[in-house]
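Indexing begins at 1, ligand by ligand and atom by atom, following the structure's order.
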Amino acid sequence: MPEPVNPVTFPPSFLWGAATSAYQIEGAVREDGRTPSIWDTFSHTPGKTSGGETGDIAVDHYHRYRDDVALMADLGLTAYRFSISWSRVQPTGRGPAVQVGLDFYRRLVDELLAKGIKPAVTLYHWDLPQELEDAGGWPERDTAHRFAEYAQIVGEALGDRVENWITLNEPWCSAFLGYASGVHAPGRTDPVASLKAAHHLNLAHGLGASALRSVMPARNAVALSLNSSVVRPLSPGNAEDLAAVRKIDDLANGVFHGPILKGAYPETLLTATSSLTDWSFVLDGDLRSINQPLDALGLNYYTPTLVSAADAEPKGPRSDGHGASDHSPWPGADDVAFHQTPGERTEMGWTIDPSGLHELIMRYTEEAPGLPLYITENGAAYDDKPDPDGRVHDPERVAYLHGHLSAVRRAIADGADVRGYYLWSLLDNFEWAYGYEKRFGAVYVDYATLTRTPKSSALWYGRAARTGTLPEVETA
Ligand code: IFM
């Protein structure tokens with residue numbers, strides 16, 4: 001008889017982490033030789049972010065990192081995923097490194113290790129040095145080679161003390177929100193450029209993974225984080241809706257996991273985009289470079305995507321949750337309509353559905369057997385406000401975390417090898433085109449004073465981290 005599984009207790013080695021990214025929290029954008037990234041340029045362009053907000057100060061983590069690490073340690077977190085600002089380390093995106101830039105990350109890592117928190121480094125979380133964008137950006141092949149050089153520099157500097165590495169975060173957003181719908185930096189709206197960008201991001205991942213491995217101890221793990229979509233049909237029995245699912249699944253998932261995990265782009269993707277490009281930018285040997293063995297895969301999950309054939313429903317504004325633009329982030333998919341999944345939603349308008357996380361984990365467990373998985377992002381934005389006594393009570397986020405962590409636990413019981421979970425996000429921060437309007441943090445930040453106050457979700461999550469068991473959730 002198999003052992004009965006305690007539904008809320010996790011394996012002892014499970015990592016309980018939180019995640020952030022450089023541009024969203026660091027600030028100090030003009031200090032110590034850092035030059036503008038595409039997000040500095042974009043956020044300073046009128047009309048691109050809510051209220052014209054920028055990451056100039058963000059939550060000033062660059063100066064307050066010691067306190068932020070102490071906060072994580074007090075909560076009881078065992079892991080922290082952060083990203084490196086390429087423009088701090090290699091201001092022009094090429095050439096020698098700036099030691100003072102690397103020193104900031106060395107100090108951060110040392111502080112984490114001293115407090116028993118395992119660091120996970122993301123090399124690229126959307127902030128391309130502006131000079132590389134001026135030279136063509138991700139649609140330009142050379143950017144992948146520049147990324148490999150940068151990966152090697154960071155691997156040499158931190159490879160002795162950081163075991164967990166992520167090359168790219170959510171390359172889908174970099175390629176399709178950055179170059180097709182234009183709601184993210186650099187704000188271009190060219191579908192062909194977005195497909196080239198996707199390929200060069202894949203190439204950057206492959207070349208970057210090899211570069212890291214050439215300079216790091218073999219024990220270190222190299223992964224990437226995909227915002228793999230769980231795509232569902234409006235009418236499961238309708239063949240046209242199922243074709244729409246195939247198309248969006250290829251554009252959201254297959255375009256990355258095809259070459260990375262299987263060494264080929266899906267034939268259905270090549271066909272669906274054939275009126276836009278013949279993919280001749282994929283050169284001989286690229287797929288071999290991209291298809292590096294991975295040590296782990298990072299999955300970022302927030303909400304499922306619901307689609308149908310476009311003529312099944314009257315055409316309305318696209319509701320795929322990726323921001324308003326007249327330009328679609330889905331090249332070659334004008335015949336697909338997006339629908340709001342029914343159910344309760346977070347402040348982003350994203351439907352809460354933990355079953356999607358379970359489905360995603362089981363999909364990769366089947367498609368990439370033996371590959372350890374991490375949930376490298378999951379969380380929710382709510383309109384949090386301090387009570388008169390200064391405490392921040394966020395029971396909706398506690399319920400969200402409980403639901404999604406329970407889904408992870410169920411997947412582990414179903415045979416998935418999930419090694420850790422990183423809550424998005426440690427702190428309220430700059431939510432890209434939404435500016436500071438959406439609060440994803442487990443820790444509340446007062447943007448006027450930059451003081452940090454752990455919300456009740458942070459305390460709840462800290463208890464989970466310390467005990468390895470999900471505490472009960474308050475019911476209203
Ligand atoms: O804030 C972002 C993060 O930078 C990437 N993944 C999704 C989060 C919430 O939108």
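- When only interatomic distances are considered, the shortest N/O to N/O separation between Trp424 and ligand 1 falls below 3.5 Å.
- Using a 4.0 Å cut-off between charged nitrogen and carboxylate oxygen, Asp250 and Lys247 do not count as a salt-bridge pair.
- Residue contacts with ligand 1: Trp350 is placed with no nitrogen or oxygen under 3.5 Å of a nitrogen or oxygen of the ligand (distance criterion only).
- Counting atoms of ligand 1 from 1 in the listed order, those under 4.0 Å from a heavy atom of Gln24 are 1 (O), 3 (C), 4 (O).
- The option with the heavy atom closest to atom 6 (N) of ligand 1, from among Glu431, His184, Lys438, Glu377, is Glu377.
- Ring-plane geometry between His404 and Tyr301 is classed as tilted, the angle between the planes lying from 30 to 60 degrees on a 0 to 90 degree scale.
- Looking at heavy atoms from C-beta onward, Arg397 lies out of side-chain contact with Trp460 at the 4.5 angstrom threshold.
- Side-chain N/O atoms of Asn300 and Thr376 include a donor and acceptor closer than 3.5 Å.
- Salt-bridge check for Asp428 with Lys455: passed, with a basic side-chain N closer than 4.0 Å to an acidic carboxylate O.
- Of all the atoms in ligand 1, the ones that sit under 4.0 Å from a non-hydrogen atom of His125 are 3 (C), 4 (O), 5 (C).
- Residue Trp432 has at least one heavy-atom neighbour below 4.0 Å for each of these atoms of ligand 1: 1 (O), 2 (C), 3 (C), 4 (O).
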